[in-house]
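One structure is given below, encoded as C-alpha cells.
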Amino acid sequence: MNPSPSMVPARQYRATVLSNRPVSTGLIHLVLECDAPFGFLPGQFAMLNFTGAQRRTFGRPLSILAGEGLRAEFLYRVVGSGTADLSRLVPEDEMTLLGPLGTPFPDRPEDRDAVLLAGGVGLPPVLAWWDRHGRETDRAYFGGRDAGDLPRELLPAAWKMSIDRRQDGDDERLFEGRVPELARTDLAATGRGKSFVLSCGPLLLLQAARRLATEHDWPCFVSMEEHMGCGYGACKGCVVPLQPQPDSPDPWRNATCCQDGPVFDADDIVWNRIL
Amino acid sequence: MAGNAERNPVKLPPWWTLDPVAEFRIGPRAFPGRIWTASGCFAYGLSGHDIASSEFDSPYTGLGAVVTKTVTPAPRSGNPMPRLCELPHGALNSIGLENVGYERFLQETLPELERRGVPTVVSLAATRPDEFGEMCEALQSTAAGYEHWHGVEINLSCPNVAEGGHDFGRNPETVARCVAVSREALPDRALLAKLTPNVTDVAELAAAAAEAGADAISVINTVIGLEVDLESGLPVLPRRYGGYSGPGILPIGLAKTDEIVQKTGLPVVGVGGIRTYQDALKYFALGAVAVQVGTAQMEDPFAAARVARDLTRA
Ligand SMILES: Cc1cc2nc3c(=O)[nH]c(=O)nc-3n(C[C@H](O)[C@H](O)[C@H](O)COP(=O)(O)OP(=O)(O)OC[C@H]3O[C@@H](n4cnc5c(N)ncnc54)[C@H](O)[C@@H]3O)c2cc1C
Ligand SMILES: Cc1cc2nc3c(=O)[nH]c(=O)nc-3n(C[C@H](O)[C@H](O)[C@H](O)COP(=O)(O)O)c2cc1C
Ligand code: FES
C-alpha cells in the first residue's frame, strides 16, 4: 500500500523570516527564506529554532505546509513560550531550520481516492499532500474551533469545513460538529468507492479517522505528535508504541515519532498505550 | 546553531596549543581527535549522519569519536513518555536506557560504523558486574580486527535505571569490579569509566576505576533533577526524576573534572554542558584530555564538528 516516496535529504539551514502573520484567530502563517533550496514531502516536518539569546535547548517541530525554491512555509498556533516567541518574529529576523525530517505520507495508490481529515494545526501536512496529489474525486475535511479559526485563504474551495461552535451570522455551509462527523455525513451523502484515509490533528480525531477507515476496510495513515528533543532519531525522546513484530522475542516495539514517523499506519499503533 | 552570522570570530587563548583533530592516546589506543559526541545524544552514530550543511561535509567532520548510545545485556523498552522536559538552561531526560541490546548492536550497528570509518567508543551498562565482562568479551570476539573501534565506556552512572547504574557508580568496590572484568576482556582498546556527579566523592570513585584498570574517566553523566508542572502540581516526568543536562550543568562538569584531575591526576574526558568551543576550552584548561558534546548535539547535529573546527588553529 505504501509506495515509498523518494526522500529529500535533510539539511541544516539558516532562514530569514519573509512573513509571519495570522490567517485566522488562532493560526499563524510563517514564511521563511532559506539559505539553500528547500524541498520536502507532504507529512514531513522541520525543527525550527531561534538564534542568539532566544535560542532554545531544543528546536520546535512544525509540519511543513509548503516549500519550493528557497521558501519554506509553516502554520502554527501559540501554545507555549516557544510558539509565543515565534509569533513575535518580524520580516528579516533569523532562524535555524533542520529539515525536512521524518517519514512522509504515502503517495496515492492509483486505484483509491483520498479521504483527508485535518483538525486545527494538523492542517499543514494534509494540505501539503492535497496540494501535491489531490484530485477531484478526493474528499477533504478541516475542523476548526469556530468560524474565525478557519484559515480561509489557505483552504481550497473543494474542502468542507466543520466548526465546534456556530455563532450568529456564520456561513450556513459550515458544519457544526467535529470533523469525523462531517466526513461521515458527507461520505454517506456522496457515496464512496475504494479509498484511503490520511489524517493529522488531535488524538481523538486520529482515532476517529481510524474507526472510519476500519469500517470501510480502508487503509489509514495518521501523523502523530510527540514531544521531541533532536527531531532526527538521536535521542529516543519521542517514542510511539507500535504492535510488536510477530517474529520478535520482545513483547514491545518502539518507533521514533521523528524518524520512523510522524506518519504511521494507524493499525500499527498501540493506541491504548498513548491515550 | 547554524553558525556564522551568530558566531563571533573565534578567539583562541594563547595557552591553547593542542590540535583537536590530531591523534592522541588514551591507554593502548590512538584516537583521531579530542572532540567526541556523548552517549545517548547522537544515537548509535548512524542517525542524522547524512544531514547536510553549508559549513561541514558531514556531522562526523573532525570528530575524535562517537560514543554510542549505551547498550545493555538485553534490549530495553525504556521509560514512559514524556521522556524529555526542556528547561531554560538545558533539559531533563528520562529515556530509561532504551536500546536494542548489545547482541543486535554487535551484529548490525558496530559493523556499519566500522564500514563507514566512524571512530567509535562503545558504551555499555549492565545490571551485574559480570555482565560487563561478558559484553566486553563478545565485543572483542566480534570486533578484534576493527580499525575504527577504539574503546569502551562503561556507564556506571545512568541515574534513570532503578536497578542499574545508580548503585554501581556509588560504590568504589563495585566500580572496581565492573572495570576489572571489562579490562580483562579488552587487552588493546581504551577503557573509560563514566561516572555520575550524583555522589559525594567522585575522585575516590575515579581512583578505584583507575586502579582496576580504567585508562580514563568520563565525567559527568546527567545530574538528578526534577521539574514540577505548576498547573497539576505534579512532576512533569512520569518517573518523577530525570537527568539534567545542557548548559546549566557546565559548572558541575567542570568542578568534577577538576576534583578528579587535582586529586588523582588521571586522564579525564570532560562531559557536561558543552555547546561552544569556549565551553570545551574550560575543560581543557582544567586538564581534560578530550571532551564530549551531548545535549547540544541533539539540537545541532554539527555541534561537535563545530567545536572541533573552532578549536583548530588556522
Ligand atoms: C511532528 C510534529 C509536527 C508538528 N506540527 C505542528 C504544526 O504544524 N503547527 C503547530 O502549531 N504545531 C505543530 N506541532 C506541535 C508543536 O511542536 C508544539 O506546539 C510546540 O513545540 C510548542 O512549543 P512551545 O514552546 O510553544 O510550548 P511549550 O509547552 O512551552 O514547550 C515546551 C516543550 O514541549 C514541547 N511541546 C509542547 N507542546 C508540544 C506538542 N504539542 N507536540 C510536541 N512537542 C510539544 C516543545 O517542543 C518544547 O520542547 C507539531 C509537533 C510535532 C511533533
Ligand atoms: C537524551 C539523553 C540520553 C542520554 N543517554 C545516555 C546513555 O545512554 N548513556 C550515557 O552514558 N549517558 C547518556 N546521557 C548523558 C550524556 O552522555 C552526558 O553525559 C550528559 O548529557 C551531560 O552532557 P551534556 O550536558 O553535553 O548533555 C544522555 C543524555 C541525554 C540528554
Ligand atoms: S526527538 Fe530525538 S529521537 Fe525523536
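In what follows, chains carry the letters A, B, and so on, assigned in the order in which the sequence lines appear, proteins first and then strands, with residues in each chain numbered from 1. Note that the structure is predicted; figures quoted are calculated from it, not measured.
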_Among the listed options B:Pro247, B:Ala91, B:Ala296, B:Gly90, the residue most often paired with chain A at heavy-atom distances under 4.5 Å_ =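 Option with the greatest count: B:Gly90.
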*For chain A, the option from B:Gly246, B:Ala74, B:Pro80, B:Gly48 that forms the most heavy-atom pairs under 4.5 Å*: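 Among the listed options, the one with the most contacts to chain A is B:Gly48.
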*Would you please test A:Asp250 and B:Ser77 for side-chain contact (heavy atoms from CB on, under 4.5 Å) and show each step?*
CA-CA 9 Å; A:Asp250 304 322; B:Ser77 61; over 6 Å; no
What distance separates [X] [atom1] from [Y] [atom2], expressed to the nearest 0.5 Å?
X: B:Asp300; Y: A:Thr96; atom1: CG; atom2: OG1; value: 8.0 Å
X: A:Tyr13; Y: B:Ser53; atom1: OH; atom2: OG; value: 11.0 Å
X: B:Gln297; Y: A:Cys235; atom1: CD; atom2: SG; value: 12.0 Å

*N/O donor-acceptor pair under 3.5 Å between B:Arg83 side chain and A:Lys236 backbone*: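 Indeed, once roles are kept as given, a pair shorter than 3.5 Å links the two residues.
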*Got a donor-acceptor contact below 3.5 angstrom from the A:Thr57 side chain to the B:Leu87 backbone?*
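It does hold such a pair.
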*Go through A:Ile274 and B:Met81 one step at a time and tell me if the side-chain contact (heavy atoms from CB on, under 4.5 Å) criterion holds.*
CA-CA 9 Å; A:Ile274 298 175; B:Met81 290 288 292; over 6 Å; no
What option among [options] has the most heavy-atom pairs under 4.5 Å with chain B?
options: A:Pro251, A:Gly233, A:Pro241, A:Gly59; result: A:Gly233
options: A:Val239, A:Thr256, A:Leu98; result: A:Val239
options: A:Cys238, A:Ser81, A:Gly231; result: A:Cys238

Is there side-chain contact between [X] and [Y], with heavy atoms separated by less than 4.5 Å?
X: B:Asp50; Y: A:Pro9; answer: no
X: A:Cys230; Y: B:Phe42; answer: no
X: A:Gln12; Y: B:Pro301; answer: yes

*Taking every non-hydrogen atom, the tightest pair across A:Tyr232 and B:Cys41*: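 Minimum heavy-atom contact is OH-O, 4.2 Å.
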*Which atom of B:Glu299 lies closest to which atom of A:Phe58, heavy atoms considered*: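 So the two residues come closest at CG-CA, 4.1 Å.
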*Could you walk me through whether B:Ser47 and A:Gln259 pass side-chain contact (heavy atoms from CB on, under 4.5 Å), step by step?*
CA-CA 9 Å; B:Ser47 294; A:Gln259 203 174 36; 3.7 Å; yes
*More than 12 non-hydrogen atoms from neighbouring residues, nucleotides or ligands closer than 6.0 Å to CZ on A:Arg77, yes or no?*
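Enclosed: over 12 neighbouring heavy atoms sit under 6.0 Å from CZ of A:Arg77.
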*asked:* Could you check whether atom CD of B:Glu108 has more than 12 heavy atoms from other residues, nucleotides or ligands sitting under 6.0 Å from it?
replied: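 Result for CD/B:Glu108: enclosed.
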_Interchain contact, A:Met95 with chain B, by part (heavy-atom threshold 4.5 Å)_ =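 Neither the backbone nor the side chain of A:Met95 comes within 4.5 Å of chain B.
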*Can you spot which of A:Arg55, A:Arg60, A:Arg56 makes a salt bridge (Lys or Arg N to Asp or Glu O under 4.0 Å) with B:Glu86?*
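Only one option passes, and that is A:Arg60.
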